[in-house]
Peer 1: 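What follows is a single structure, and I will ask about it in a moment.
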Amino acid sequence: MEADPAGVLTGAHYFDGDFACGEGAMAAGCRFVAGYPITPSTEVVERISRRFPLIGGTFIQMEDELASMAAVAGASWTGTKSMTVTSGPGFSLMMENIGLATMMELPCVVVNVQRGGPSTGLPTMVGQADIMQARWGSHGDYETIALSPQSPQEAFDLVIDAFNLAEIYRTPVMFMMDECVGHMSEKVVIPKPEEIEIVPRKLTTKSPEEFLPYVPDENLVPEFARAGDGYKFHTTGLTHDERGYPVMSAECQELNVRRLVDKIRRNAEKIVRFEEEATDGADVVLITYGITARVARMAIDIARKKGVKVGVIRLIVVWPFPEKHIRELAKKIKAFVVPEINYGQIALEVERCSAGNAATRLVSHMGGGVHNPQDIVDAILEAAK
Amino acid sequence: MKFWRKPLDLDQVVIPHGDVIIIKDRCKGCGFCVEYCPKGVLQMSEEFNIKGYHPPIVVKSGECVNCNLCEMLCPEFAIYSVPAPEDETLGGAEESLSTVEATKEEKTWRRTLRAS
Amino acid sequence: MSKVIDRPEVAKEQHPVAPLLRMDRIPHIWCPGCGIGTVVKCFATALQETEVDLNKLAIVSGIGCSGRAAGYMKLDGFHTTHGRAIPFATGLKLARPELKVVVFSGDGDLAGIGGNHLIHSARRNQDLMVILVNNFNYAMTGGQNAPTTPTPAKTSTMPYGNFEHPFNVPHLVASCGASYVARWTSLHVRRMTKSFKEALNRKGFRFIEVVTPCATLYARLNKLGLGLDLMRFYHQESEIRNGADTRDVAIGYQSKIICGKFVDEDRPSYLETMHEYYRKVLGDKYVPTPPEGGMLREQN
Ligand code: SF4
Ligand code: SF4
Ligand code: SF4
């Protein structure tokens with residue numbers, strides 16, 4: 001369906017990534033946001049809290065991030081598109097209720113504008129070290145969806161996709177920005193509402209008598225009934241059966257958790273998204289995401305001038321990882337080069353998927369700034385040998 | 001009933017009568033209903049229910065005043081009272097009324113217990 | 001006389017509050033002599049007697065023995081994470097303001113791990129009704145010390161007796177700004193039910209603490225007997241003081257339990273304050289979240 005015009009500020013703007021993300025969320029139909037202030041993400045909710053009273057949305061600044069994520073989970077049960085926004089330390093606190101939202105199968109978006117860690121780390125400076133936390137942060141087995149924008153324009157565009165994916169798969173979606181993208185200002189073009197495709201909440205058509213809250217459809221996604229529509233359903237963070245009733249048994253755990261994981265894994269090929277350039281016949285392929293993708297552009301140009309055949313894959317959807325594609329590619333090239341602002345996270349995944357067929361060379365940066373393109377060039381030249 | 005002062009409207013007061021209904025297999029024998037019944041209608045029985053607890057039984061069948069205190073206190077939803085039918089021919093029929101079969105699920109629960 | 005009376009409806013309906021319960025989950029998990037079931041019964045009775053629209057009522061619980069309550073009531077029921085029932089309920093309420101949202105959970109959940117949410121919700125006078133079942137310990141996990149355990153009661157993590165100062169929870173929430181505060185024991189079934197009925201029809205943060213026997217842990221660890229013995233104790237030692245200053249209602253070990261309705265004030269709730277304020281500063285530009293929620297719908 002089309003976007004609700006109330007949320008869409010059609011036109012060309014000069015926004016930082018945080019504002020663009022907030023505008024994207026409102027264009028996507030988000031009408032409930034709970035958050036707690038944390039640098040460098042706060043501008044997202046500052047934008048939203050200014051606009052929400054004018055467009056029928058509710059923002060509440062909760063007492064902490066535990067509460068913010070819990071409130072988002074509660075709000076999602078009303079069918080309202082809901083979001084919370086944070087950075088590393090808050091992301092850690094949200095993990096508990098990200099697990100709840102995963103278990104209850106609640107569409108929602110969690111924005112993490114990444115800064116340097118661990119702990120309080122570098123509040124105002126960039127990092128990309130929460131990428132694995134987005135994947136594995138909450139306890140227990142689950143699969144997640146995570147996106148990573150490289151510009152304010154993409155922060156706008158992709159957060160809409162994040163909301164749509166959350167609806168399609170009934171799961172929290174991690175929106176992994178980084179401080180650079182969050183704080184850089186660029187031109188952001190917001191299209192007309194009718195040009196924005198929105199996936200609305202798919203409500204069950206069953207009557208309350210026939211409805212069971214956790215009967216999966218062919219995509220392994222259950223139908224949704226919202227709170228207050230007379231379905232009188234039960235839901236829990238405990239392992240549950242199709243009625244949403246807790247069942248403490250290995251059999252139920254098997255059914256419940258395997259489906260939770262499979263609903264993403266089996267649909268992974270539909271969810272993965274990346275930009276690919278010149279990988280055909282390449283010797284070295286760069287795997288990049290977020291701000292690092294843009295820093296790497298300069299390195300790629302320099303390396304190509306030096307005669308190296310460099311291809312590039314920019315991850316737009318980081319999780320699920322384009323596993324199949326990387327496996328195939330690994331058989332054809334010499335090496336992958338993975339620059340990231342951490343000590344090797346996506347590099348591990350690349351190494352796993354290349355399964356010894358191609359070398360993986362990490363170019364790490366510990367955060368607080370972006371790579372010097374020369375470091376990436378050196379790695380490419382080294383890898384091409 | 002004894003009064004320390006005879007209420008002026010005693011002749012107009014109609015004391016209600018109730019039937020107390022015990023869903024005996026749901027009871028966990030806590031004794032709250034027996035202890036707090038203002039009319040001493042109930043007593044813990046010697047009998048065991050399917051869960052192995054002693055449920056209450058009605059010992060003073062005509063005396064229930066339908067105050068539903070037993071019903072309010074029971075943590076198991078195992079006892080309640082209803083107004084006694086005006087029909088006085090009731091007498092002696094309480095027994096057939098006073099214990100009600102547990103639900104199907106409760107019986108299944110019992111089976112699961114045995115099986116495990 | 002042996003007239004068999006044919007009243008199938010009696011056997012069928014099983015119990016007056018059966019329509020409000022998930023009978024397919026009864027018997028519940030609570031121990032013999034536990035008082036939580038009594039609180040559920042009183043709450044169900046209150047719902048029947050106030051005739052609230054049950055389709056528009058949600059019950060949210062956290063974790064623990066009392067946290068299982070949401071799972072036994074035939075309502076939109078949410079069994080959430082430990083301590084987070086209040087913020088989860090806040091999200092439900094704000095995103096669909098027409099709902100009545102009731103939080104039903106225990107002392108460890110609401111005042112311990114969820115203590116921060118409790119005080120901030122009371123401070124905001126958030127539109128929630130909170131039933132806190134106080135059994136003086138963390139029962140589900142085996143009787144550990146709670147922020148409500150009186151000194152020097154024994155718990156499994158204070159085997160020599162608790163030396164920490166406990167919360168006086170009614171005072172805590174009253175001083176934060178809750179508009180309705182009451183306390184009963186599970187023996188006070190009629191007064192508790194009346195409080196529930198009143199609270200269901202009030203707005204703002206409504207808080208009712210119910211002291212209940214935990215026969216299996218608190219009573220056993222302290223050699224206080226059975227659930228029934230604790231009920232007898234409540235009978236002897238509770239004192240009703242409506243309107244009491246909440247500073248005076250702290251609970252000591254096996255000492256007097258002051259019960260009553262302590263606070264009942266008509267203060268603007270969170271949503272009322274928000275609407276009024278936005279209307280004042282934004283005028284006609286203010287678009288509140290519609291009562292049925294902020295869900296986008298296909299426009300045909
Ligand atoms: S209804 Fe009242 S009088 Fe009758 S058995 Fe129950 S407690 Fe006793
Ligand atoms: S109160 Fe209920 S559970 Fe307790 S003894 Fe009476 S009927 Fe049984
Ligand atoms: S452990 Fe205590 S609180 Fe929990 S169900 Fe048993 S008696 Fe009740």
Side-chain angles (χ1 to χ4, degrees), chain B residues 19-23 25-36 44 49-55 67-85 87-110 112-113, chain C residues 1-18 20-46 72 133 185-194 212-213 215 225-232 234-235:
Chain B
D19 282 338
V20 56
I21 291 150
I22 300 160
I23 305 167
D25 286 340
R26 208 181 272 167
C27 166
K28 289 185 192 159
C30 68
F32 294 176
C33 55
V34 173
E35 176 86 5
Y36 292 103
M44 298 314 279
N49 68 9
I50 56 166
K51 295 185 209 160
Y53 297 110
H54 295 295
C67 68
N68 41 45
L69 193 60
C70 53
E71 172 188 323
M72 295 303 288
L73 281 167
C74 175
E76 302 294 331
F77 318 104
I79 188 168
Y80 61 100
S81 66
V82 291
D87 184 1
E88 283 304 323
T89 55
L90 238 186
E94 283 87 352
E95 246 196 331
S96 65
L97 257 186
S98 65
T99 50
V100 177
E101 283 281 286
T103 59
K104 202 169 105 248
E105 285 77 12
E106 281 163 297
K107 287 184 180 154
T108 330
W109 178 82
R110 172 69 177 158
T112 339
L113 255 196
Chain C
M1 230 187 301
S2 65
K3 191 174 164 204
V4 178
I5 298 163
D6 184 23
R7 283 164 72 197
E9 74 282 1
V10 170
K12 229 168 93 190
E13 76 186 6
Q14 301 286 333
H15 192 279
V17 297
L20 275 155
L21 300 176
R22 297 188 185 277
M23 293 313 290
D24 51 350
R25 295 200 64 204
I26 302 292
H28 52 60
I29 62 162
W30 298 312
C31 306
C34 175
I36 302 170
T38 307
V39 187
V40 171
K41 160 70 174 104
C42 294
F43 179 59
T45 305
Y72 294 119
V133 177
T185 76
S186 63
L187 184 68
H188 295 94
V189 283
R190 306 220 191 271
R191 290 179 172 91
M192 176 188 0
T193 308
K194 182 164 171 254
T212 62
L226 303 169
L228 185 57
D229 295 308
L230 280 178
M231 293 288 264
R232 288 181 181 135
Y234 301 160
H235 197 167

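Residue numbering restarts at 1 for every chain, and letters A, B, ... go by the order of the sequence lines. Computed from a predicted model, the values in this text were never measured in an experiment.
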Peer 1: Could you tell me which portion of C:Leu187 (side chain, backbone, both or neither) has an atom closer than 4.5 angstrom to a non-hydrogen atom of chain B?
Peer 2: both
Peer 1: Please name all residues satisfying side chain to side chain donor-acceptor pair (under 3.5 Å) with C:Thr193, sequence neighbours left out, ordered by chain then number.
Peer 2: none
Peer 1: Is a side-chain donor or acceptor of B:Tyr80 paired with a backbone partner of B:Ile23 at a separation under 3.5 angstrom?
Peer 2: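 Checking the backbone N and O of B:Ile23 against the side chain of B:Tyr80, no donor-acceptor pair under 3.5 Å is found.
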Peer 1: Which bit of B:Glu35 comes within less than 4.5 Å of chain C, counting heavy atoms only: side chain, backbone, both or neither?
Peer 2: side chain
Peer 1: Residues in ring-ring contact (aromatic ring centres under 6.0 Å, His included) with B:Tyr53, at least two apart?
Peer 2: none
Peer 1: Can you classify the ring geometry of C:His28 versus B:Phe77 as parallel (below 30°), tilted (30 to 60°) or perpendicular (above 60°)?
Peer 2: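 Plane angle over 60°, so perpendicular.
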Peer 1: Using non-hydrogen atoms only, which part of B:Leu69 is less than 4.5 Å away from chain C: side chain, backbone, both, or neither?
Peer 2: both
Peer 1: Identify which part of C:Leu228 has an atom lying under 4.5 Å from any heavy atom of chain B, answering side chain, backbone, both or neither.
Peer 2: both
Peer 1: Return yes if some donor-acceptor pair links the side-chain N/O of C:His188 with the main-chain N/O of C:Tyr234 below 3.5 Å, else return no.
Peer 2: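 The answer is no, because no donor-acceptor pair under 3.5 Å joins these two groups.
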Peer 1: So for C:Arg232, is it side chain, backbone, both, or neither that comes closer than 4.5 Å to the heavy atoms of chain B?
Peer 2: both
Peer 1: Given side chain to side chain contact (heavy atoms under 4.5 Å, CB included), test B:Cys67 with C:Arg190 step by step and report yes or no.
Peer 2: CA-CA 11 Å; B:Cys67 68; C:Arg190 306 220 191 271; 4.1 Å; yes
Peer 1: Among C:Gly37, C:Gly227, C:Ala44, C:Gly33, which residue forms the greatest number of heavy-atom pairs with chain B at distances under 4.5 Å?
Peer 2: C:Gly37
Peer 1: Under a 4.5 Å heavy-atom cutoff, which of B:Gly29, B:Cys27, B:Cys30 has the most pairs with chain C?
Peer 2: B:Cys30
